[in-house]
Participant: 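Could you have a look at this structure, given as structure tokens, before my questions?
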Amino acid sequence: MKTKIILAFATGFTLCAGLFTWMAVAPSLGDSSPVEALSEQDVYYPGSEDLAPDEMRIVACGTGMPNARPKQAAACFLVELGNGDKFIFDIGSGSAERISAMKIPYDYLDKVFIGHLHSDHFGDLGDLWIGGVIGNRIKPLRVWGPSGHKPEFGTKYALDRMQEMYTWDSGSRLGNVDIRGQVLEVTEFDYKAVNKVIYNENGVTIRSIPAIHALDGPVSFILEWNGLKFAYSSDTFPNQWWIEHTKGCDIAIHECFIPPEDLVRKQKWTPAAALNVGTQVHTSPAQFGKVMSDIKPRLAVGYHFFNDFDTLPNVTKGVRKTYDGPLALATDYMVFNVTKDDIKVRMAVIDEDIWPQPAVGKKLPPDRSKRIGFSEFIKGGRVPYKNVVDEIYSEINKKYGTNIPVPGE
Ligand SMILES: [Zn+2]
Ligand SMILES: [Zn+2]
């Protein structure tokens, strides 16, 4: 009985205390719920935020390994500056769709810097080039990339062949769309040049330094604008040029490959292959940490590993053996807003139903005289369904006030 009374007393006390607490925090009856948008989001919705005139925004559009997967495309980082300029550093397999998710008109995505010619660093260039034309780009696509130890290992050789590879694709568009965006302007620079300016426009300077990876040819990039310094390794073994020229930069994005034991465990490689690729061809997490301890950036960003619940702890452990500074281990759609006072790291939330943005300038009607056309044999096989097509033309002409004739047979 005694116990019951104590329990009843205790319960009553709890109820009373709960009621007083509720009365203290609850709005009085009659107050309406707030309807205003939140002033600040914990995530980035592309196309929804102004970029301040002194601000740099970097979006990880590819952070994974050579085999692109739904969660992570291969290497690609988009840099947007407060002056309106935008730059793409590497454009690895699968990254073109991530770039499109940023809702930027293709006319502004016209500058690509390729660190080396592995497919996981330029595999989606053809997609940006051709896809950009269909997506309303009416300006040439400009590409910068390194030379090689022989001309056929250089960027120009590769991109000349890429254009040849797309001969049918390019030919099919002649006379059907505005093809001004089909022009590819390639600037090949000396891979051995150390900290030499390869781009200098509108207050933005980009330099290249040699990288050490697989063969002669790879480079890393350093972008400087408005007192901010961005460094991007592409792929490299730790090297003297990176350590000398990226010291104290605002944001240092450097490869941080999957640790050798995870290459054995997850990818079934032999220990010898895992050690060679994981520590000699690439930079392991512990080597990455050492590099960052040497250059001390405001923020170190590691990429180039499958960032999963069962790999991240091991990668973090490796980095933290040798580096205790500010760190982000990237995955796709990680966003970095950099100013002189602050570096904010968030994730982007994307709209999967994205469409290409409209052209910035006026598109020209296609020059029909350039059309290659069909052979008589193929033309002879057409089944025109004239009534159906006549109706489509007439509906469109009515809707848009045009007078486009149905092409004659
Ligand atoms: Zn590579
Ligand atoms: Zn790579």
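Whatever order the structure lists ligands and atoms in, that order sets their numbers, starting from 1.
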Participant: Below 6.0 angstrom between ring centroids: does that apply to F77 and Y303?
Facilitator: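 Centroid distance F77-Y303: below 6.0 Å, so yes.
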Participant: Closer than 3.5 angstrom, by distance alone: can the side chain of T63 be matched with the main-chain N or O of D332 as a donor-acceptor pair?
Facilitator: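 Confirmed, T63 side chain pairs with D332 backbone.
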Participant: Please calculate the NE2(H213)-the Zn ion (ligand 1)-ND1(H118) angle and round it to 10 degrees.
Facilitator: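 It is 90°, given to the nearest 10°.
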Participant: At the Zn ion (ligand 2), what angle lies between atom NE2 of H304 and atom NE2 of H121, rounded to 10 degrees?
Facilitator: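 About 110°, to the nearest ten degrees.
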Participant: Could D294 and K290 be called an ion pair, given the rule that one side-chain N must be under 4.0 Å from one carboxylate O?
Facilitator: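 Salt bridge between D294 and K290, a charged N being under 4.0 Å from a carboxylate O: no.
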Participant: Report the name of the N/O/S atom of D120 located nearest to the Zn ion (ligand 2).
Facilitator: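 Nearest N/O/S atom: OD2.
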Participant: Measure centre to centre between the rings of F230 and F89, then say whether the value is under 6.0 Å.
Facilitator: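 Yes, close enough.
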Participant: When you measure from the Zn ion (ligand 1) to each N, O or S atom of D235, which atom gives the shortest distance?
Facilitator: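 For D235, the N/O/S atom sitting closest to the Zn ion (ligand 1) is OD2.
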Participant: Within H116, is some N, O or S atom less than 2.8 Å away from the Zn ion (ligand 2)?
Facilitator: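 It does not; every qualifying atom lies at 2.8 Å or beyond.
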Participant: Flag the pair F87 / Y199 as yes when their ring centroid distance falls below 6.0 Å, and as no otherwise.
Facilitator: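 Yes, they do, as the ring centres are separated by less than 6.0 Å.
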